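For reference, positions follow the sequence shown, starting with 1. Given the structure is predicted, the values throughout are model-derived calculations rather than measurements. Hydrogens, waters and symmetry mates play no part in the numbers below; they use all other heavy atoms, side chains included.
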Amino acid sequence: MSEVYNLEPFEGIEIDGSYILLVHPQTIPHLIFIHHGKYFSLTHKEVEVNLDLKPLMKKLCRLKKRMIFLKLKKIELDPVTIFERYEKVDENLITCLFPIKELVLKDSEAEMIFQLIPELYDNQLIEKALQFNLTEYLDSNGSFTLNEYKKEAIFSYIQQLNKQDAGRE
């Protein structure tokens with residue numbers, strides 16, 4: 001079981017900080033990378049590079065999305081350069097984890113965030129963890145246990161999103 005330890009209530013992010021944001025961490029989370037007030041994300045539609053974080057945060061908070069923010073100690077690579085290598089997630093290979101893993105722990109063998117987080121802790125790369133709207137999911141120590149799932153579940157979800165979008169056209 002993979003855990004995020006000592007979650008503090010989210011009261012905002014530090015503008016000069018770098019974070020991994022897990023949206024819906026109680027299920028299969030979507031991952032967003034935050035760096036110096038900008039966000040980066042690989043979705044089923046596109047890659048989002050260096051976009052203003054404020055409107056996204058306003059929307060996520062208004063919708064009361066459950067979120068975990070992992071503040072990272074150091075980022076040596078340029079997120080723009082890494083994320084621009086990608087177009088979008090796909091149904092067979094690439095997930096939203098790929099560019100983030102490349103940025104924070106390039107040599108990791110992790111294929112899912114619940115595998116990467118213990119490696120981040122082992123390498124002392126997480127400075128602190130914050131939570132929004134997750135209090136009921138925390139244990140008595142203020143920690144959160146991530147669900148474990150198979151890679152196929154991610155690709156199945158991506159297929160479902162693509163079908164929903166195709167139906168709207």
Side-chain angles (χ1 to χ4, degrees), residues 1-5 7 10 13 17-53 55-57 59-61 63 65-75 77-123 125-134 137 144-162:
M1 289 267 183
S2 178
E3 286 192 55
V4 179
Y5 303 103
L7 283 138
F10 176 77
I13 63 162
S18 297
Y19 299 80
I20 299 173
L21 168 58
L22 290 76
V23 181
H24 295 295
Q26 77 284 8
T27 59
I28 297 175
H30 175 60
L31 307 177
I32 297 172
F33 188 76
I34 299 169
H35 183 70
H36 295 206
K38 301 290 185 177
Y39 78 92
F40 303 78
S41 178
L42 196 58
T43 74
H44 74 287
K45 291 183 181 181
E46 63 188 348
V47 61
E48 300 171 321
V49 178
N50 214 27
L51 301 178
D52 186 17
L53 180 62
L56 175 67
M57 286 306 303
K59 179 181 178 182
L60 292 172
C61 290
L63 295 172
K65 297 290 186 182
R66 292 183 171 95
M67 298 180 278
I68 291 178
F69 298 80
L70 300 174
K71 184 168 194 280
L72 303 171
K73 289 188 178 175
K74 61 180 179 176
I75 294 298
L77 300 174
D78 176 25
V80 173
T81 304
I82 302 297
F83 273 84
E84 284 182 342
R85 295 182 191 158
Y86 296 87
E87 291 181 31
K88 62 181 183 174
V89 296
D90 67 33
E91 298 174 5
N92 301 306
L93 178 64
I94 298 172
T95 70
C96 56
L97 176 67
F98 278 52
I100 292 172
K101 181 175 73 169
E102 193 174 336
L103 264 171
V104 299
L105 203 57
K106 190 174 88 173
D107 295 330
S108 171
E109 298 288 324
E111 294 186 327
M112 283 154 290
I113 191 66
F114 66 82
Q115 296 167 329
L116 182 65
I117 288 175
E119 292 181 38
L120 295 175
Y121 277 117
D122 289 346
N123 286 280
L125 295 175
I126 297 175
E127 186 175 315
K128 66 180 173 180
L130 309 165
Q131 61 89 11
F132 181 83
N133 202 20
L134 272 176
Y137 291 89
F144 177 84
T145 302
L146 291 157
N147 285 330
E148 294 188 11
Y149 43 85
K150 295 191 182 312
K151 203 171 179 181
E152 293 77 23
I154 297 170
F155 295 128
S156 175
Y157 183 63
I158 293 168
Q159 285 176 335
Q160 180 184 2
L161 291 172
N162 286 335

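- Heavy-atom minimum distance, Ile82 versus Glu102: CD1-OE2, 3.5 Å.
- When side chains are defined from C-beta on, Glu48 does not count as touching Phe83, because their heavy atoms never get closer than 4.5 Å.
- Side-chain contact between Phe40 and Val80 is present, with at least one heavy-atom pair separated by less than 4.5 Å.
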Query raised in the report: Step by step, would you call Leu97 with Leu116 a side-chain contact (heavy atoms from CB on, under 4.5 Å)?
Result: CA-CA 9 Å; Leu97 176 67; Leu116 182 65; 3.7 Å; yes
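- Crowding of Lys73 atom NZ: a count of heavy atoms from other residues, nucleotides or ligands under 6.0 Å exceeding 12.
- Aromatic ring centres of Phe132 and Phe69 lie farther apart than the 6.0 Å criterion allows.
- Between Ile117 atom CD1 and Phe144 atom CZ the span is 9.0 Å, to the nearest 0.5 Å.
- In this structure the side chain of Leu134 never reaches within 4.5 angstrom of the side chain of Met67, judged on heavy atoms.
- In this structure, OG in Ser18 is found 4.5 Å from NE2 in His36, a value given to the nearest 0.5 Å.
- The distance from the CD atom of Gln26 to the CG atom of Leu146 is 10.5 Å, given to the nearest 0.5 Å.
- Atom CD of Glu109 has 12 or fewer neighbouring heavy atoms from other residues, nucleotides or ligands inside a 6.0 Å radius.
- Minimum interatomic distance between Leu130 and Leu7 (heavy atoms only, all atoms of both residues): O-CD2, 3.4 Å.
- At distances below 3.5 Å, at least one donor-acceptor pair connects side-chain atoms of Lys101 with backbone N or O atoms of Ala110.
- More than 12 heavy atoms of other residues, nucleotides or ligands sit less than 6.0 Å from atom CD of Glu46.
- The shortest distance between side-chain heavy atoms of Pro99 and Phe33 does not fall below 4.5 Å.
- Here the CD1 atom belonging to Ile32 is positioned 6.0 Å from the CG atom belonging to Leu60, to the nearest 0.5 angstrom.
- Summarising the geometry, atom CD1 belonging to Ile75 is positioned 10.0 Å from atom CD1 belonging to Ile100; distances are rounded to the nearest 0.5 Å.
- Checked by atom type and distance alone, the side chain of Tyr86 never pairs as donor or acceptor with a backbone atom of Ile94 at under 3.5 Å.
- Summarising the geometry of Tyr121 relative to Glu3, their closest heavy-atom pair is CE1-O, 3.5 Å, with the distance given to 0.1 Å.
- Arg66 places a side-chain heavy atom less than 4.5 Å from the side chain of Pro25.
- Taking 4.5 Å as the limit, every side-chain heavy atom of Leu72 sits out of range of all side-chain heavy atoms of Leu103.
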Requested in this report: Give the intermediate values and the outcome of side-chain contact (heavy atoms from CB on, under 4.5 Å) for residues Leu70 and Leu22.
Outcome: CA-CA 8 Å; Leu70 300 174; Leu22 290 76; 4.1 Å; yes
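- Of the residues Asn147, Leu21, Ile20, Ile113, the one that meets the side-chain contact (heavy atoms from CB on, under 4.5 Å) test with Pro29 is Ile113.
- Contact annotation: the side chain of Lys88 never approaches that of Lys45 to less than 4.5 Å [non-hydrogen atoms, C-beta and beyond].
- Counting heavy atoms from C-beta outward, Thr43 and His30 have side chains that approach closer than 4.5 Å.
- To the nearest 0.5 Å, the span separating CD on Gln115 from OG on Ser2 amounts to 9.0 Å.
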